[in-house]
Chemist: 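Dropping a structure here in structure tokens format, bear with me for questions.
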Amino acid sequence: MKFRFTAVAVAAALIGVAQPSFAANLSISANSTGKNLELFRKQLDEFEKATGNKVSVVTMPSSSSEQFSQYRLWLAAGNKDVDVYQTDVIWAPQLADQFVDLKDAAKDVVDDFFPSIIASQTVNGRLVAMPLFTDAPALFYRKDLLDKYGKQPPKTWDEMAATAKEIQEKERAAGQKDLWGYVFQGNAYEGLTCNALEWVKSSGGGQIIEQDGTISINNEKAAAALDRAKGWIGTISPSGVLAYQEEESRGVWQTGNAVFMRNWPYAYALGNGADSAVKGKFDVATLPVAKEGDSPSSTLGGWNLAVSKYSQNQDAAIALVKFLTSKERQKQRAIELSNLPTLVALYDDKDIAAAQPFMPNWKPIFQNAVPRPSASAKVKYNEVSSKFWTAVHNSLSGNGTSAENLELLEADLTSLKGDNW
């Protein structure tokens, strides 16, 4: 990993500061998904060597919903203990007032990022977070099992379910008793909003709330999409999937007990790790659609770094954010964690292509990804999402029909919206 050592040598120049006359003690909050914290620590060690500052990590849960709730509490209380926050792409409109405007600090590098991702973190002309990595999920599939049974990666959800069922039954008959056809994130949290938005949008059922603020979720195509997913529970997906988040899904997949999985790019590098039962046995494809002619719809994800306006070391915190979002650190993150860079040039990087051959092909997946309606719902997005995932979870659990639950959801969202979002 030659570039890791180069990073230390050039860090001071990159950050734009000399060795400080006094050391700042910084803290960064970061989620615990996959090996995120492990890599953060390595990069923070480099930053410490280059600057003399010290950085501690505040470990957050992997659930973005739980993380957001904690952030909101800390920021509302004016917490000075956290200087830098790792933030989800959808949080910018809701937390913007609590973060420092990075526009001037980032003016020398901002044009290197994908404009759409910078735009997602810009609120009322203020750049409230710097993009760390972007995200869009794909369909992971067991290439060895599909080849064994003469199957192609499925184009439609029904084709996926049929292939999953056939392989599951035949493999179980051959002794693979723990194999399931499909695992996803079915717990009642933000991850279910992402999954269900993909089912609905790829079925022509809209985006929950459209760009003009119209509530569109209560329609027949959306209800049909949820009904289709309900049919997976207990057949090709374990009943326990209703409690799965990303890591539970990956656990089943990585032990070789699933034919298909919906997950984010981070699972690719881990799936090819030395301890993985599926190493070298899988590939990824775009998520399926309801029928030919519909557009694949991966939910736009991604994580960013924001500086708290309550930080007592804002200059050092900004330097840390620029360091962690720099080309060399994003390259390391791409190679080691299969996180998608937010810098355009890295998609032509030969080292990344060699380490993660799938990554250049992922570019169109996230460029055409579907945003959650955070821009439409603004500060009310978190409540919108909570009401949506609750309605979906009820439908998947058999607590009311999909049509009934979407009708109730429309009424709830109409009341929440009031005169406007």
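All values below come from the heavy atoms of this structure, side chains included, with hydrogens, waters and symmetry mates left out.
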Chemist: With distance as the sole test, does K417 use its side chain to make a donor-acceptor pair with the main-chain N or O of G213 at under 3.5 Å?
Modeler: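 Answer holds: yes.
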Chemist: Any side-chain to backbone donor/acceptor pair from S338 onto A334? Under 3.5 Å, distance only.
Modeler: no
Chemist: Could you walk me through whether S276 and Q254 pass the side chain to side chain donor-acceptor pair (under 3.5 Å) test, one step at a time?
Modeler: CA-CA 6 Å; S276 173; Q254 202 164 305; 4.5 Å; no
Chemist: What are the two closest non-hydrogen atoms of A317 and D83, and how far apart are they?
Modeler: CB-CB, 4.2 Å
Chemist: Just by distance, do the side chain of T51 and the backbone of F47 share a donor-acceptor pair under 3.5 Å?
Modeler: yes
Chemist: Walk me through it: do R126 and D104 pass the test salt bridge (charged side-chain N to carboxylate O under 4.0 Å, His left out)?
Modeler: CA-CA 10 Å; R126 299 174 66 249; D104 286 342; over 6 Å; no
Chemist: Could you check Y85 against Q98 for side chain to side chain donor-acceptor pair (under 3.5 Å), going step by step and ending with a plain yes or no?
Modeler: CA-CA 11 Å; Y85 288 85; Q98 312 288 348; over 6 Å; no
Chemist: Think R333 forms a cation-pi with F40, using NZ or CZ under 6.0 Å from the six-ring centre and within 45 degrees of its axis?
Modeler: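 Pair R333/F40 counts as cation-pi.
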Chemist: Would you say W74 and S29 are linked by a side-chain donor-acceptor pair, where the criterion is simply a distance under 3.5 Å?
Modeler: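 W74 and S29 do not have a side-chain donor-acceptor pair below 3.5 Å.
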Chemist: Taking C-beta and beyond as the side chain, do K387 and L413 meet within less than 4.5 Å on heavy atoms?
Modeler: yes
Chemist: Just verifying a value: how many Å separate E48 CD and E46 CD, rounded to the nearest 0.5 Å?
Modeler: 11.0 Å
Chemist: Measure the shortest side-chain to side-chain distance between H393 and L242 over non-hydrogen atoms and say whether it is less than 4.5 angstrom.
Modeler: yes
Chemist: Determine whether more than 12 heavy atoms belonging to other residues, nucleotides or ligands lie under 6.0 Å from atom CD of E210.
Modeler: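 Yes, CD of E210 has more than 12 neighbouring heavy atoms, counting only those of other groups under 6.0 Å.
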Chemist: Nearest heavy-atom pair of L346 and P341: which atoms, and what distance?
Modeler: CD1-CB, 3.7 Å
Chemist: Donor-acceptor check, side chain of S311 to backbone of V307, threshold 3.5 angstrom: yes or no?
Modeler: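 Side chain of S311 to backbone of V307, a donor-acceptor pair under 3.5 Å: no, none is there.
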Chemist: Whether the side chain of N313 engages the backbone of A316 through a donor-acceptor N/O pair (distance < 3.5 Å, no angle test) should be reported.
Modeler: no
Chemist: Test side chain to side chain contact (heavy atoms under 4.5 Å, CB included) on Y310 and N79 and set out the steps.
Modeler: CA-CA 7 Å; Y310 307 110; N79 188 323; 5.9 Å; no
Chemist: Do M261 and Y182 pass the side chain to side chain contact (heavy atoms under 4.5 Å, CB included) test, and can you show the C-alpha distance, the side-chain angles, and the key distance before you say yes or no?
Modeler: CA-CA 6 Å; M261 172 182 69; Y182 183 52; 5.6 Å; no
Chemist: Could you grab the distance from atom CG of L270 to atom CD of E336, nearest 0.5 Å is fine?
Modeler: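 Rounded to the nearest 0.5 Å, the CG-CD separation comes to 11.5 Å.
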Chemist: For the pair S237 (side chain) and I233 (backbone), establish whether a donor and an acceptor sit closer than 3.5 Å, ignoring hydrogens and angles.
Modeler: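 No, the answer is negative, given that no donor and acceptor are paired below the 3.5 Å cut-off.
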Chemist: With no hydrogens and no angle check, is any side-chain donor or acceptor of W253 less than 3.5 Å from a backbone partner on A258?
Modeler: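 Judged by distance alone, no pair lies under 3.5 Å.
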Chemist: Between N31 and N36, is any pair of side-chain heavy atoms under 4.5 Å apart?
Modeler: yes
Chemist: Check L416 against K380 and note the closest heavy-atom contact, atom names and distance.
Modeler: O-NZ, 3.0 Å
Chemist: Show the numbers, then the answer: is there a side chain to side chain donor-acceptor pair (under 3.5 Å) between S298 and E198?
Modeler: CA-CA 6 Å; S298 292; E198 291 156 4; 5.2 Å; no
Chemist: Please determine, by modelled atom types, if S397 and N399 share a side-chain donor-acceptor pair under 3.5 angstrom.
Modeler: no
Chemist: Determine, stepwise, if the pair T342 / Q330 fulfils side chain to side chain donor-acceptor pair (under 3.5 Å).
Modeler: CA-CA 8 Å; T342 57; Q330 287 205 39; 2.9 Å; yes
Chemist: With distance as the sole criterion, is a donor-acceptor pair present between the side chains of N405 and S395 under 3.5 Å?
Modeler: yes
Chemist: For the ring pair F358 and Y268, is the centre-to-centre distance below 6.0 Å?
Modeler: yes
Chemist: Hey, could you give me the CD1/NZ distance between I118 and K103, rounded to the nearest 0.5 Å?
Modeler: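 So the CD1 of I118 and the NZ of K103 are separated by 11.0 Å.
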Chemist: Going by heavy atoms in the side chains, are E159 and P288 under 4.5 Å from each other?
Modeler: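 A side-chain contact under 4.5 Å is absent here.
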Chemist: Rounded to the nearest 0.5 Å, what separates atom CG in D135 from atom CD1 in I117?
Modeler: 10.0 Å
Chemist: Looking at E407, I'd like to know if its CD atom is crowded, meaning that more than 12 non-hydrogen atoms belonging to other residues, nucleotides or ligands lie closer than 6.0 Å.
Modeler: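 Not buried by this count: 12 neighbours or fewer within 6.0 Å.
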Chemist: Do E190 and S385 meet the criterion of a side-chain donor-acceptor pair at a distance under 3.5 Å?
Modeler: yes
Chemist: Crowded around D212 CG? As in, over 12 foreign heavy atoms under 6.0 Å?
Modeler: yes
Chemist: Taking the side chain as every heavy atom from C-beta outward, state whether W421 and Y381 have any pair of such atoms under 4.5 Å apart.
Modeler: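 A side-chain contact is absent here, since even the closest heavy-atom pair is not under 4.5 Å.
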Chemist: Hey, is K49 close enough to D45 for a salt bridge, meaning N to O under 4.0 Å?
Modeler: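 A salt bridge is absent here (no side-chain N lies under 4.0 Å from a carboxylate O).
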Chemist: Indicate yes or no: at least one non-hydrogen side-chain atom of N53 is less than 4.5 angstrom from one of N25.
Modeler: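 Of all side-chain heavy-atom pairs linking N25 with N53, none is under 4.5 Å.
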Chemist: Quick check for you: to the nearest 0.5 Å, what is the distance between T87 atom OG1 and Q94 atom CD?
Modeler: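 Going from the OG1 atom of T87 to the CD atom of Q94 covers 11.0 Å.
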Chemist: Check whether any side-chain N or O of N195 sits under 3.5 Å from a backbone N or O of G191 as a donor-acceptor pair, and report yes or no.
Modeler: yes
Chemist: Would you name the heavy atoms of S63 and Q245 that are closest together and state the gap between them?
Modeler: CB-OE1, 3.3 Å
Chemist: What's the shortest heavy-atom distance between V200 and A222, and which atoms?
Modeler: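 Shortest heavy-atom separation between V200 and A222 comes out as CG1-CB, 3.8 Å.
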Chemist: Any chance you could lay out the salt bridge (charged side-chain N to carboxylate O under 4.0 Å, His left out) test for K322 and D108, step after step, and finish with the verdict?
Modeler: CA-CA 10 Å; K322 292 188 71 176; D108 58 327; 2.9 Å; yes
Chemist: Under the side chain to side chain contact (heavy atoms under 4.5 Å, CB included) rule, what do L127 and M130 come out as? Steps first, then yes or no, please.
Modeler: CA-CA 7 Å; L127 181 62; M130 288 285 287; 3.9 Å; yes
Chemist: Quick check for you: to the nearest 0.5 Å, what is the distance between W362 atom CH2 and Q356 atom CD?
Modeler: 10.0 Å
Chemist: Between the main-chain N or O of G181 and the side-chain N or O of Q168, is there a donor-acceptor pair closer than 3.5 Å?
Modeler: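 Yes; judged by distance alone, with no hydrogens or angles, the pair exists.
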Chemist: How about Q67 and W91: do any of their side-chain heavy atoms sit closer than 4.5 Å?
Modeler: yes
Chemist: Would you call the rings of W199 and W232 parallel, tilted or perpendicular, where under 30° means parallel and over 60° means perpendicular?
Modeler: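 Perpendicular, since the angle between the ring planes exceeds 60°.
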Chemist: Would you call V392 and L226 a side-chain contact if the rule is heavy atoms closer than 4.5 Å?
Modeler: yes
Chemist: How far apart are the C-alpha atoms of E247 and R250, what are their side-chain angles, what is the distance that settles it, and do they pass the salt bridge (charged side-chain N to carboxylate O under 4.0 Å, His left out) test?
Modeler: CA-CA 5 Å; E247 289 291 78; R250 183 176 69 84; 2.9 Å; yes
Chemist: Find out whether the Lys NZ or Arg CZ of R329 is both under 6.0 angstrom from the six-membered ring centre of F323 and within 45° of the ring's axis.
Modeler: yes
Chemist: Determine the interplanar angle of the Y347 and F114 rings, folded into 0 to 90°, and report it as parallel if under 30°, tilted if 30 to 60°, perpendicular if over 60°.
Modeler: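 Because their plane-to-plane angle is over 60°, the rings of Y347 and F114 count as perpendicular.
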Chemist: Minimum heavy-atom separation for K221 and N219, please, with both atom names.
Modeler: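 Looking at all heavy atoms of both residues, the closest pair is N-OD1, 3.1 Å.
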Chemist: Would you say that more than 12 heavy atoms from the other residues, nucleotides or ligands in this model lie under 6.0 Å from the NZ of K80, or not?
Modeler: no
Chemist: With a 3.5 Å distance limit and no angle check, can you tell me whether R372 reaches the backbone of L300 through a side-chain donor-acceptor pair?
Modeler: yes
